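To start, the structure under review is shown below, and the notes come after it.
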Amino acid sequence: MTPQELAAQLARILAEILEARGGGETVAVTEADTAVERPKNREHGDWASNAAMKFAKRVGANPRELAQQIAEAVAALEGIAKAEVAGPGFINITLDAASAGETARRIVEQGEAYGRSELLAGERINMEFVSANPTGPLHLGHTRWAALGDSISRVLRAAGAQVTNEYYINDAGAQMDKFGRSVLAAALGEPAPEDAYPGEYIQELGKKALAAIPGLPDLAMTDRAAALAAVQEAAYQQQLAEIKDSLDRFNVHFDVFFSERTLHAPGPGGEPSPIEAAIDRLREQGHVFEADDAIWVRTTDYGDDKDRVFTRGNGIYTYFAADAAYYLSKKDRGFGEKIYLLGADHHGYVGRLTALAGAAGDNTETDITVLIGQLVNLNGARLSKRAGNIVELDDLLEWLGSDALRYWLARYPADSPLALDGEKLRSRTNDNPVFYVQYAHARSCAVDRNAVAAGIDRSAFEPALLTHETETELLGKLQQYPGIVAGAAELREPHRIARYLEELAASFHRWYDNCRVIPQGDEPAGDLHRTRLWLNDASGQVIRNGLDLLGVSAPERL
RNA sequence: GCCUCUGUAGCUCAGGGGAUAGAGCGCCGGUUUCCGGUACCGUAGGUCGGGGGUUCGAAUCCCUCCAGGGGCACCA
């Protein structure tokens, strides 16, 4: 029996009791109200509920007395060994071994599906993250969002949502022009312009542009503007391709790369550009006004701290105007919730983006979510462009590997600042959690291999035999997994998966140390060994499922 | 100045109002001739930044103060 099933039973029982006490008046009780917890103390049973304390006041009852009534009904359920009242009104529930052990078979049978749910079924979610300018390689500053965003997306999908991963390419505007001039100068061997992008990669892009565009030096002499345009475009495509390659190596996959340029471009028949159309739509809604020779949007109507401009004095659209058109594009493409994953250096955007959703006629509570993540540093050094000590994602992948990097970046809440220690990520002992978890998986695979050789198979399953303390503990952990995934999806916190996997791996190692699957010495193989093989395989399966949600591999050997 | 995040063991950090606040590392001490010891077990280590409040119950929610990170563009 899983904790969710237990919670559902509890909710039913509690509702009946409250109805009887209230003279037939129904009281709504949800599974969330009766969610059970794994007590820290083993003497408090397998699962504990505080539902009696929560509801006692509401119905004017004595908590312990109400708990007692619930406990008696729970104890009568099939699969329950005992249910006791403790402390101020906790209900401590112990499953019988067979009921608890049944989980092992269920996990093996469900395989990859174990942990998936329909919690968010029917929801269409747009998940935008990374969105780094295509003017240079991805670096550590982007990696946290890449790892986190992709994992959130995987977790949401596991909860049944339909998610589109989207990367917004800032391929319009001054930064691109600067990028083009930088690469052109590099291609022609000219000194770098005053404000040029620094970095060796500019030289590389210059060489590639020179090779790709025949007669570039001549063209630059006769028509500088044409040469610049050609180089800029070639370098942009090259850089974007390299970014995609890096993300691919990082096991991060986008469904849509959305070009900002398309928002500025008029339609084929001269129709207004998406930006113009967006401004018109917002104007029709009464959110747009003109002042000081500029077009404004009244975001203060939706809680922003100041109104924002759509056009600069020179008539050019601001970045925010493109944001507005982009938001409307997402809305028009049928997405309900739009999630933005931004770095803490962009937290000032939360107010205006949220207001934009409101102005677009969306619900600012449910249709937009802006997740703000704190910044990362590695070995004590902040890795920012400004400081000049960029560490490129490709270098990090080569040094640390995708698995270690993804795992470490995903194992902390987004709002917690993160300090990575490069040596720790490389270590192959249990001070490196990714290794510890992967080792548990590899170990379960080793047991499988040995079981085959020893003639142990899954032809018998007697869950009532799984009575060792470490087996009860391991089964409890395995039962928690679906709830962990659901919670991670609801809260958009994939680090819960990582923390859970570390606990699961610890339970697995402890069990392995105490309970043998392969008989020792002359001991004959029995149903206990065969049943334990199910438990071993179930553990490996859950670790595999969990690591997949983090985009981390589960090798069979290390 | 305003907004925002953070403050928990020596270090890096978990902890969705519940029972005696946890993990890893580090320190000290142990363990199975045999399924991978890359593991497991144990000891020590805490004014949960300070102070108020809400609650039967607060590391958790609210207020305030202190300290640190980030942000406050007709830039992108």
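Predicted model, so just to flag it, every value in this text is computed and none were measured. In what follows, chains carry the letters A, B, and so on, assigned in the order in which the sequence lines appear, proteins first and then strands, with residues in each chain numbered from 1.
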**Asked** Ignoring hydrogens and angles, are the base of B:rC3 and the side chain of A:H347 linked by a donor-acceptor pair under 3.5 Å?
**Response** yes
**Among B:rU55, B:rA39, B:rA73, the one nearest A:Y439 by side-chain distance** =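 For A:Y439, the side-chain atoms sit closest to B:rA39.
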**Proximal nucleotide (of B:rC72, B:rC74, B:rG36) relative to the A:K306 side chain** =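 Per side-chain heavy atoms of A:K306, the pick is B:rC72.
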Less than 4.0 Å between a side-chain N and a carboxylate O, is that true for [Y] and [X]?
| X | Y | answer |
| --- | --- | --- |
| A:E290 | A:R283 | yes |
| A:E473 | A:R42 | no |
| A:K330 | A:E166 | no |
| A:R510 | A:D513 | no |

**Prompt:** Which of residues 512-520 of chain A sit near RNA chain B, with a heavy atom under 4.0 Å from it?
**Reply:** A:Y512, A:D513, A:C515, A:R516, A:V517, A:I518, A:Q520
Using a heavy-atom cut-off of 4.0 Å across all strands, would you classify [X] as base, sugar-phosphate, or nothing?
| X | result |
| --- | --- |
| A:L558 | base |
| A:Q175 | sugar-phosphate |
| A:S427 | nothing |

Flag this pair as yes if the NZ/CZ of [X] is under 6.0 angstrom from the six-membered ring centre of [Y] and inside a 45 degree cone about the axis; otherwise no.
| X | Y | result |
| --- | --- | --- |
| A:K477 | A:Y500 | no |
| A:R499 | A:Y412 | yes |
| A:R443 | A:F508 | no |
| A:R38 | A:W47 | yes |

Atom pair distance, as rounded to whole Å: [atom1] in [X] and [atom2] in [N]:
| X | N | atom1 | atom2 | answer |
| --- | --- | --- | --- | --- |
| A:H441 | B:rG36 | NE2 | P | 15 Å |
| A:E469 | B:rC40 | CD | P | 15 Å |
| A:D345 | B:rG71 | CG | P | 6 Å |
| A:R64 | B:rG57 | CZ | C1' | 15 Å |
| A:N314 | B:rC75 | CG | C1' | 12 Å |
| A:L371 | B:rU4 | CG | P | 17 Å |
| A:R352 | B:rC3 | CZ | P | 17 Å |
| A:Y436 | B:rG36 | OH | C1' | 14 Å |

**Item:** Contact state string [nucleotides 14-25 of chain B, B base, S sugar-phosphate only, - no protein heavy atom under 4.0 Å]
**Value:** SSB-BBB---SS
Rounding to the closest angstrom, what is the interatomic distance between [N] and [M] at atom [atom1]?
| N | M | atom1 | result |
| --- | --- | --- | --- |
| B:rC3 | B:rG46 | P | 37 Å |
| B:rG51 | B:rU47 | C1' | 12 Å |
| B:rU6 | B:rG15 | P | 11 Å |
| B:rG26 | B:rG10 | C1' | 8 Å |
| B:rA58 | B:rA67 | C1' | 23 Å |
| B:rC5 | B:rG42 | P | 39 Å |
| B:rU64 | B:rG22 | C1' | 30 Å |

**Request:** Report the secondary structure of RNA chain B in dot-bracket form, marking unpaired bases with a dot and bases paired to a different strand with |, and treating Watson-Crick or G-U pairs with both distances under 3.5 Å as paired.
**Result:** (((((((..((((....[...))))..((((.......))))......(((((..]....))))))))))))....
**Prompt:** Between A:I372 and A:A291, which has a closest nucleotide on RNA chain B that is more 5'?
**Reply:** A:I372
**Asked** Taking for each residue the nucleotide of RNA chain B with the nearest heavy atom, is it A:G173 or A:A446 whose nucleotide lies nearer the 5' end?
**Response**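 Nearest nucleotide further toward 5': that of A:A446.
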**Message:** Measuring centre to centre across the rings, with the benzene-like ring taken for any Trp, is A:Y340 within less than 6.0 Å of A:H346?
**Reply:** no
Short side-chain donor-acceptor distance under 3.5 Å, [Y] and [X]:
| X | Y | answer |
| --- | --- | --- |
| A:Q175 | A:N170 | no |
| A:N536 | A:S539 | no |
| A:Q69 | A:E65 | no |

**Request:** Using only side-chain N and O atoms of A:R312, determine if any of them is under 4.0 Å from OP1 or OP2 of B:rC75.
**Result:** yes
**Prompt:** So do A:D46 and A:L475 actually touch side chain to side chain, heavy atoms under 4.5 Å?
**Reply:** no
